[in-house]
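I have placed the structure first, in the form of structure tokens, so that the comments after it can refer back to it.
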Amino acid sequence: MSEVGDAEDAGDAEDAGEPQTKPAVAVVDAKTSGNVGTIARAMKNFGFEDLLLVDPPYLGRDSEAYGFAGHAREDVLPNARKLSFDELASEFHTVGFTAVTNQDATKHARFPFRTPAELTESLADVESDTAFVFGRERVGLTNDELERIDEVCAIPASEDYPVLNLGQAATVALYELRDLAMNRDQLPDVERHRATEAEIEAFYEHAEEFLDAVDYPEEKREKTMRMLRRMLGRTHPTGREMNTVHGLLRRAENRME
């Protein structure tokens, strides 16, 4: 396996408007290659590139890792870097992920901790070689390992069953942390075209006429119109939506005639 990234890759990322220093993702002592492939795929989905492996399982081209990695089999997985835990701890600002946290500072191995959302905010303006560290499938990171980790992060989950499997945990975490690795996604920028005030006021007039046409109780009309105004005020309807509702009222009026 070769080291990930070079100066040319960094220049391409900068030209694309992506963060200059993307955090790496480290997996410690994974037992199944499929989980490594799943994590590589999640990295590819959310813009992460540098995969670090401590005591990895067999990851040949014929392993499950390549079957699970999707398009990450073309770059993230084959470019993964193998290193020791000592090298990981000394070369990177490390963030260890765990489902089991301590309640207070009397036990500091798993406390204090941040959620992924909080971590995204705290690392947003930090220029450092950072690595998000995930542990073994069954027991995660040990206390001894966590004591050498710089920060602890935990994914909020059900109190009854907070433990995610390795692939799930990494996918959820990297999704939450994606803003540290990419500035753009595939979703188009959609602008909400709110109906004009004239269009909305015309609808209110029509609604009042409709209430009159259906003999709506006089004493309830003012309150009903106020509730309708508040409802539309919160929803910011488009002009097309206003025209559609006008059409429904007209259809009802024609039926009554």
Side-chain angles (χ1 to χ4, degrees), residues 16-19 22-23 41-48 95 97 99 101 103 112-126 132 151-164 167-257:
E18 294 182 348
K22 297 183 180 184
R41 179 170 185 156
M43 291 173 61
K44 184 79 171 179
N45 287 143
F46 303 122
F48 297 90
V95 182
F97 283 77
T101 60
Q103 299 299 315
F113 60 87
R114 286 188 167 106
T115 66
E118 292 168 339
L119 190 64
T120 299
E121 183 176 355
S122 71
L123 292 178
D125 299 319
V126 176
F132 301 137
E151 294 189 69
V152 175
C153 188
I155 298 170
S158 169
E159 184 178 16
D160 294 332
Y161 192 38
V163 180
L164 286 73
Q168 287 177 323
T171 300
V172 170
L174 296 181
Y175 166 75
E176 289 284 352
L177 296 161
R178 66 193 183 282
D179 286 347
L180 298 175
M182 66 182 196
N183 285 339
R184 296 191 297 270
D185 56 38
Q186 90 287 9
L187 302 177
D189 293 329
V190 179
E191 183 179 350
R192 179 75 173 178
H193 296 285
R194 188 179 188 275
T196 65
E197 290 305 314
E199 290 172 325
I200 294 175
E201 288 300 322
F203 169 74
Y204 292 143
E205 292 176 6
H206 192 173
E208 288 182 335
E209 294 171 358
F210 182 79
L211 294 181
D212 184 58
V214 297
D215 293 326
Y216 196 77
E218 186 72 31
E219 67 275 11
K220 294 184 179 181
R221 292 187 189 184
E222 182 177 350
K223 182 177 180 180
T224 298
M225 288 303 303
R226 184 168 63 249
M227 292 175 63
L228 184 59
R229 183 176 290 272
R230 293 291 182 268
M231 182 179 68
L232 290 182
R234 292 194 304 269
T235 60
H236 302 295
T238 64
R240 184 175 183 181
E241 288 168 341
M242 285 286 85
N243 287 335
T244 298
V245 179
H246 270 299
L248 289 173
L249 295 184
R250 284 193 292 269
R251 180 81 175 220
E253 289 166 342
N254 291 337
R255 285 282 187 176
M256 289 187 296
E257 293 176 358

Taking all atoms of both residues into account, what is the closest heavy-atom pair of Thr115 and Pro156, and its distance? CG2-CG, 3.8 Å
Not counting sequence neighbours, which residues clear side-chain contact (heavy atoms from CB on, under 4.5 Å) with Glu201? List them please. Tyr204, Arg229
All heavy atoms of Glu199 vs all of Gly239, minimum pair found to be OE1-CA, 3.8 Å
Identify, with sequence neighbours excluded, every residue that meets side-chain hydrogen bond (donor to acceptor under 3.5 Å, both in side chains) alongside Glu209. none
Does His206 have any ring-ring contact (aromatic ring centres under 6.0 Å, His included) partners at least two apart in sequence or in another chain, and if so, which? His246
Scanning both residues in full, the closest heavy-atom pair of Ala181 with Lys22 reads O-CE, 3.1 Å
Within 6.0 Å of CD in Glu219, more than 12 heavy atoms from elsewhere: yes
Could you list the residues that satisfy side-chain hydrogen bond (donor to acceptor under 3.5 Å, both in side chains) with Thr244, not counting sequence neighbours? none
For Thr120, enumerate each residue passing the side-chain hydrogen bond (donor to acceptor under 3.5 Å, both in side chains) test, keeping only those at least two apart in sequence or located in another chain. none
According to ring-ring contact (aromatic ring centres under 6.0 Å, His included), who are the partners of Phe210, at least two apart in sequence or on a separate chain? none
Minimal heavy-atom distance between Pro116 and Cys153, with the atoms involved, is N-SG, 3.4 Å
Does Ala213 have any side-chain contact (heavy atoms from CB on, under 4.5 Å) partners at least two apart in sequence or in another chain, and if so, which? Met256
Out of curiosity, Leu249 CG to Leu211 CG, how far, rounded to the nearest 0.5 Å? 9.0 Å
For Asp212, side-chain hydrogen bond (donor to acceptor under 3.5 Å, both in side chains) partners two or more places apart: Arg221
State the CD-CD1 distance between Glu176 and Ile155, to the nearest 0.5 angstrom. 8.5 Å
Identify, with sequence neighbours excluded, every residue that meets salt bridge (charged side-chain N to carboxylate O under 4.0 Å, His left out) alongside Glu205. none
Pairwise distance CZ(Phe132) to CG(Leu174) - rounded to 0.5 angstrom: 7.5 Å
Between the CD1 atom in Ile200 and the NE2 atom in His236, the distance rounded to the nearest 0.5 Å is 9.0 Å
Got a second to check how far Thr238's OG1 is from Arg194's CZ, nearest 0.5 Å? 11.0 Å
For Tyr175, what residues pass the ring-ring contact (aromatic ring centres under 6.0 Å, His included) criterion, not counting sequence neighbours? Phe46
Leu123 and Glu151: which non-hydrogen atoms are nearest, and at how many Å? CD2-OE2, 4.1 Å
Arg234: partners by side-chain contact (heavy atoms from CB on, under 4.5 Å), with sequence neighbours left out: Arg230, Met231
Working to the nearest 0.5 Å, report the span between OG1 of Thr196 and CE of Met242. 10.5 Å
